[in-house]
*Asks:* 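Following this message is one structure expressed as structure tokens.
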Amino acid sequence: MKNYKILALSLCTLLTLPLVGCQNSDNSEISEEESAPVSPRSITYDWQDLYEGKIREFMSSEMYSAEDSGDVGKSMFDIHDLDSDGVPELIISPDTSTISKAQIYTVSENALVSVGEIGNDGIFDFLPQQNLIHSEYEGQGFILGRYAVLEHSEITDFLTYSDNSSSASTGAVISHEINGEEVTLMQYKNTLAEYNAYTSFEIGRKYTFGDGSIDYALHCSENWFSVLTDEQKQLCKDKLTELASQNIEGSAFEFCDLNSDETPELIVTTPDSAFIYYFGEDTLSQLDGSYSDGSPMFLDIDNKVFYYNGTEGTVYWSMASEEFSAQDYTSSGNIVEFGKKYILTEDTVLSLMG
């Protein structure tokens, strides 16, 4: 592992809390059994088995490739609610080639439904505040783009656009179109400027294909709100509302279990940093320091190691082991990208946590 700046940080002692009885406001004792956290894997949904079946089917197909590309697989997948109906969609990314489109599946009437394909490089952009799916292809001298919505298990165009201004030097007739109708360059730019101003996330390549990644994606990632106590939700709501009031454009947050204790950490990211908060008995505390330079963050689920690939190399941490050594680290292949599941706004916090 050469030319890497390596950090090994053990935080086990910060998060090892004694399991003791506690008291509520009327001084009656709450037993350990009653206060034990709920496992996210105890919560089940109809879509879980259907999506696992499709994932396993894809892994048996000719489109699947486990070939590594850096720290992640060539084929990857994602789970994200694209229409805010409470049921997340399954997105499969065969690879990162320019012509590779993300495959989208959803559940309707307890059956798996293929929504269609969209995007390039195995991904597409998602505008969470508008529930818009965005895809753009730039060829030699032209641009083709579309904003679409997921409605009734189908991808429906909301706005399409095209432009061939880059072909001017070849003598081509220049044309700018919005929804198939020719417009002036000013109209074209003004129309797209509104959409370009919205925050968007790349969707499609969050999880590698591996037993650990599949289990976490299907049985943990969508369940954290359900396992948090009312007190924990209020702590998160207060902290996120405070941070959202700072109005740092491009900020996001996500819950992720960094040490596999089935209690998630709260991760808040900005365009140039990331911060981690962990639950105490009645507290939500911030770990000292910042944990990214704005680069994507990854969790090795099996090894309980998280890291980012920054401008100065790869930096690793572990919250689970005092014996962790970055020099001895070998990837398990069960990797999840984390930190940018929800846009950090007061409206988002209110809609998720009441």
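Just so it is clear, the structure is predicted and the values come from calculations on it, not from any experiment. The figures here come from the full heavy-atom set of this structure, side chains too, leaving out hydrogens, waters and symmetry mates.
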*Asks:* Could you walk me through whether Thr314 and Asn309 pass the side chain to side chain donor-acceptor pair (under 3.5 Å) check?
*Replies:* CA-CA 4 Å; Thr314 303; Asn309 301 314; 2.8 Å; yes
*Asks:* Which heavy-atom pair separates Leu266 from Cys236 by the least distance, and what is that distance?
*Replies:*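 Minimum heavy-atom contact is CD2-SG, 4.3 Å.
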*Asks:* Give a yes-or-no answer on whether the side chains of Ser332 and Asp300 include a donor-acceptor pair shorter than 3.5 Å.
*Replies:*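 Yes, side-chain donor-acceptor contact under 3.5 Å.
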*Asks:* Measure from the side-chain N and O atoms of Ser166 to the backbone N and O of Gly141, and report whether any donor-acceptor pair falls under 3.5 Å.
*Replies:*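 The answer is no, because no donor-acceptor pair under 3.5 Å joins these two groups.
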*Asks:* Could you check whether the rings of Tyr329 and Tyr307 sit parallel, tilted or perpendicular, using 30° and 60° as the cut-offs?
*Replies:*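 Correct class here is tilted.
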*Asks:* Only one of Phe225, Tyr342, Phe279 passes ring pair (Phe, Tyr, Trp, His ring centres under 6.0 Å) with Phe255; say which it is.
*Replies:*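 The single option meeting the ring pair (Phe, Tyr, Trp, His ring centres under 6.0 Å) with Phe255 is Phe225.
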*Asks:* Please tell me whether Leu228 and Leu352 are part of a single hydrophobic cluster in this structure, the criterion being side-chain heavy atoms less than 4.5 Å apart.
*Replies:*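 Looking at the clustering, Leu352 is in the same group as Leu228.
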*Asks:* Please check if the distance between the ring centroids of Phe58 and Phe209 is under 6.0 Å.
*Replies:*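 Centroid distance Phe58-Phe209: below 6.0 Å, so yes.
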*Asks:* Going hydrophobic residue to hydrophobic residue with side-chain gaps under 4.5 angstrom, can you get from Val38 over to Met353?
*Replies:*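 Yes, because Val38 and Met353 connect within a single hydrophobic cluster, where side-chain heavy atoms sit under 4.5 Å apart.
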*Asks:* Are Arg41 and Asp215 close enough for a salt bridge, meaning some N to O gap below 4.0 Å?
*Replies:*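 Salt bridge: yes.
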*Asks:* Please check this pair: side chain of Asn223 against backbone of Ser226, looking for a donor-acceptor N/O pair closer than 3.5 Å.
*Replies:*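 No, Asn223 side chain to Ser226 backbone: no donor-acceptor pair under 3.5 Å.
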*Asks:* Which heavy atom in Gly122 sits nearest to a heavy atom in Arg205, and how many Å separate them?
*Replies:*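 That would be O-CG, 4.0 Å.
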*Asks:* Please say whether more than 12 non-hydrogen atoms of neighbouring residues, nucleotides or ligands are located less than 6.0 Å from CZ in Phe158.
*Replies:*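 Incorrect, the count does not exceed 12.
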*Asks:* Run through Phe77, Phe338, Tyr51 and flag the one making a ring pair (Phe, Tyr, Trp, His ring centres under 6.0 Å) with Tyr207.
*Replies:*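 Among Phe77, Phe338, Tyr51, the one meeting ring pair (Phe, Tyr, Trp, His ring centres under 6.0 Å) with Tyr207 is Phe77.
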*Asks:* Among Ile301, Ile276, Thr263, which residue satisfies the side-chain contact (heavy atoms from CB on, under 4.5 Å) criterion with Leu258?
*Replies:*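 The passing option is Ile276.
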*Asks:* Is there side-chain contact between Val315 and Tyr308, with at least one heavy-atom pair below 4.5 Å?
*Replies:*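 A side-chain contact exists here, since the closest heavy-atom pair is under 4.5 Å.
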*Asks:* Between Asp78 (side chain) and Gly204 (backbone), is there a donor-acceptor pair under 3.5 Å?
*Replies:*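 A pair under 3.5 Å: yes.
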*Asks:* Indicate if Phe124 and Tyr105 have the same hydrophobic cluster label, given that clusters are the connected sets of ILVMFWY residues with side-chain heavy-atom separations under 4.5 angstrom.
*Replies:*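 No.
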*Asks:* Could you give me the CA-CA distance, side-chain angles and deciding distance for Asn259 and Tyr278, then say whether side-chain contact (heavy atoms from CB on, under 4.5 Å) is met?
*Replies:* CA-CA 11 Å; Asn259 58 349; Tyr278 66 94; over 6 Å; no
*Asks:* Let's go through Glu181 and Asn179 carefully: what are the C-alpha distance in whole Å and the side-chain angles of both, what is the deciding distance for side-chain contact (heavy atoms from CB on, under 4.5 Å) to 0.1 Å, and is it a yes or a no?
*Replies:* CA-CA 6 Å; Glu181 296 184 3; Asn179 290 330; 5.6 Å; no
*Asks:* Classify the ring geometry between Phe142 and Tyr137 as parallel (under 30°), tilted (30 to 60°) or perpendicular (over 60°).
*Replies:*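 Tilted, since the angle between the ring planes falls between 30° and 60°.
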*Asks:* Side chain of Lys74, backbone of Ala66: donor and acceptor closer than 3.5 Å?
*Replies:*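 Checking the backbone N and O of Ala66 against the side chain of Lys74, no donor-acceptor pair under 3.5 Å is found.
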*Asks:* If you take all heavy atoms of Asp211 and Asn334, which pair is closest and at what distance?
*Replies:*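 Looking at all heavy atoms of both residues, the shortest contact is N-OD1, 3.5 Å.
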*Asks:* Checking Glu194 side chain against Thr191 main chain: does a donor-acceptor pair fall under 3.5 Å?
*Replies:*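 No; zero donor-acceptor contacts below 3.5 Å.
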*Asks:* For Thr270 and Ser273, test the side chains for any donor-to-acceptor distance below 3.5 angstrom and give the result as yes or no.
*Replies:*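 Judged by distance alone, the side chains do pair up.
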*Asks:* Does Lys341 come within less than 4.0 Å of Glu222, counting only side-chain N to carboxylate O?
*Replies:*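 Salt bridge present between Lys341 and Glu222.
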*Asks:* Report the C-alpha separation of Tyr147 and Thr160 in whole Å, then their side-chain angles, then the decisive distance to 0.1 Å, and conclude whether the side chain to side chain donor-acceptor pair (under 3.5 Å) test is met.
*Replies:* CA-CA 6 Å; Tyr147 288 92; Thr160 62; over 6 Å; no
*Asks:* Rounded to the nearest 0.5 Å, what separation is found between the CD1 atom of Ile118 and the OG atom of Ser135?
*Replies:*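 It comes to 5.0 Å.
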*Asks:* Charged N to carboxylate O under 4.0 angstrom, Arg146 versus Asp157?
*Replies:*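 Salt bridge: yes.
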*Asks:* Any donor-acceptor pair under 3.5 Å linking the side-chain atoms of Thr345 with those of Asp347?
*Replies:*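 Not at all, the side chains of Asp347 and Thr345 share no donor-acceptor pair under 3.5 Å.
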*Asks:* Starting from Leu218, can I reach Ile203 by hopping between I/L/V/M/F/W/Y residues whose side chains sit under 4.5 Å apart?
*Replies:*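 No; tracing contacts between hydrophobic side chains, which count when under 4.5 Å, never links both residues.
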*Asks:* Can you see whether Glu57 engages Ser60 through a side-chain donor-acceptor pair at a distance of less than 3.5 angstrom?
*Replies:*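 There is no such pair between these side chains.
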*Asks:* If only atom types and distance count, is the side chain of Thr241 paired as donor or acceptor with the main-chain N or O of Asp238 below 3.5 Å?
*Replies:*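 Side chain of Thr241 to backbone of Asp238, a donor-acceptor pair under 3.5 Å: no, none is there.
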*Asks:* Answer yes when Lys237 and Glu242 have at least one side-chain N-carboxylate O distance shorter than 4.0 Å, and no when they do not.
*Replies:*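 Glu242 and Lys237: not salt-bridged.
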*Asks:* Please step through side-chain contact (heavy atoms from CB on, under 4.5 Å) for the pair Leu82 and Ile133, ending with a clear verdict.
*Replies:* CA-CA 8 Å; Leu82 300 176; Ile133 299 168; 4.1 Å; yes
*Asks:* Are Pro94 and Gln103 packed together at the side-chain level, in the sense that at least one heavy-atom pair is separated by less than 4.5 angstrom?
*Replies:*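 Of all side-chain heavy-atom pairs linking Gln103 with Pro94, at least one is under 4.5 Å.
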*Asks:* In terms of side-chain geometry, is the basic nitrogen of Glu202 or Lys340 positioned less than 4.0 Å from the acidic oxygen of its partner?
*Replies:*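 So Glu202 does not pair with Lys340 through a salt bridge.
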*Asks:* Kindly say whether Ile335 contributes a backbone atom to a donor-acceptor pair with the side chain of Ser213 at under 3.5 angstrom?
*Replies:*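 Yes, the answer is positive, given that a donor and an acceptor are paired below the 3.5 Å cut-off.
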*Asks:* Determine whether Tyr64 and Glu62 satisfy the following criterion, side chain to side chain donor-acceptor pair (under 3.5 Å), listing intermediate values before the conclusion.
*Replies:* CA-CA 5 Å; Tyr64 171 69; Glu62 294 182 354; over 6 Å; no
*Asks:* Phe126 and His80: aromatic ring centres closer than 6.0 Å?
*Replies:*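 Yes, close enough.
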*Asks:* To the nearest 0.5 Å, how far apart are CG in Asp272 and CG in Asp293?
*Replies:*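 Answer rounded to 0.5 Å: 8.5 Å.
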*Asks:* Just by modelled atom types, is the Thr330 backbone N or O under 3.5 Å from a matching donor or acceptor in the Asn303 side chain?
*Replies:*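 Yes; judged by distance alone, with no hydrogens or angles, the pair exists.
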*Asks:* Given Val305 and Leu299, is the side-chain contact (heavy atoms from CB on, under 4.5 Å) satisfied, shown in steps?
*Replies:* CA-CA 6 Å; Val305 171; Leu299 170 67; 6.0 Å; no
*Asks:* Above 12 or not: heavy atoms from other molecules or residues under 6.0 Å from CD of Gln129?
*Replies:*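 Enclosed: over 12 neighbouring heavy atoms sit under 6.0 Å from CD of Gln129.
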*Asks:* Does either side chain, that of Thr156 or that of Glu154, offer a donor lying less than 3.5 Å from an acceptor on the other one?
*Replies:*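 No - no donor-acceptor pair under 3.5 Å links their side chains.
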*Asks:* Kindly compute the distance separating CG (Asp328) from CD (Glu323), expressed to the nearest 0.5 Å.
*Replies:*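 Separation between the atoms: 11.0 Å.
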*Asks:* Looking at Gln232 and Thr229, would you say the former's side chain and the latter's main chain have a donor-acceptor pair under 3.5 Å?
*Replies:*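 Yes; at least one donor-acceptor contact below 3.5 Å.
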*Asks:* Using 0.5 Å steps for rounding, measure from the CG atom of Leu50 to the CG atom of Asn110.
*Replies:*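 Leu50 atom CG to Asn110 atom CG measures 7.5 Å (nearest 0.5 Å).
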*Asks:* How long is the gap from CD on Glu254 to CD on Glu337, to the nearest 0.5 Å?
*Replies:*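 That separation rounds to 9.0 Å.
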*Asks:* Donor-acceptor check, side chain of Thr208 to backbone of Gly333, threshold 3.5 angstrom: yes or no?
*Replies:*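 Checked: pair present.
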*Asks:* Hydrophobic cluster membership, with links at side-chain heavy-atom distances under 4.5 Å among I/L/V/M/F/W/Y: are Met63 and Ile92 in one?
*Replies:*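 Yes, same cluster.
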*Asks:* Give a yes or no on this: more than 12 heavy atoms of other residues, nucleotides or ligands lie within 6.0 Å of atom NZ of Lys233.
*Replies:*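 More than 12 heavy atoms, drawn from other residues, nucleotides or ligands, come within 6.0 Å of this atom.
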*Asks:* When rounded to the nearest 0.5 angstrom, what is the spacing between CG in Leu240 and OH in Tyr277?
*Replies:*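 Answer for the CG-OH pair, Leu240 versus Tyr277, is 8.5 Å.
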*Asks:* Decide side chain to side chain donor-acceptor pair (under 3.5 Å) for Asn131 and Asp83; before the verdict, give the C-alpha distance in whole Å, the side-chain angles of both, and the deciding distance to 0.1 Å.
*Replies:* CA-CA 6 Å; Asn131 279 348; Asp83 56 3; over 6 Å; no
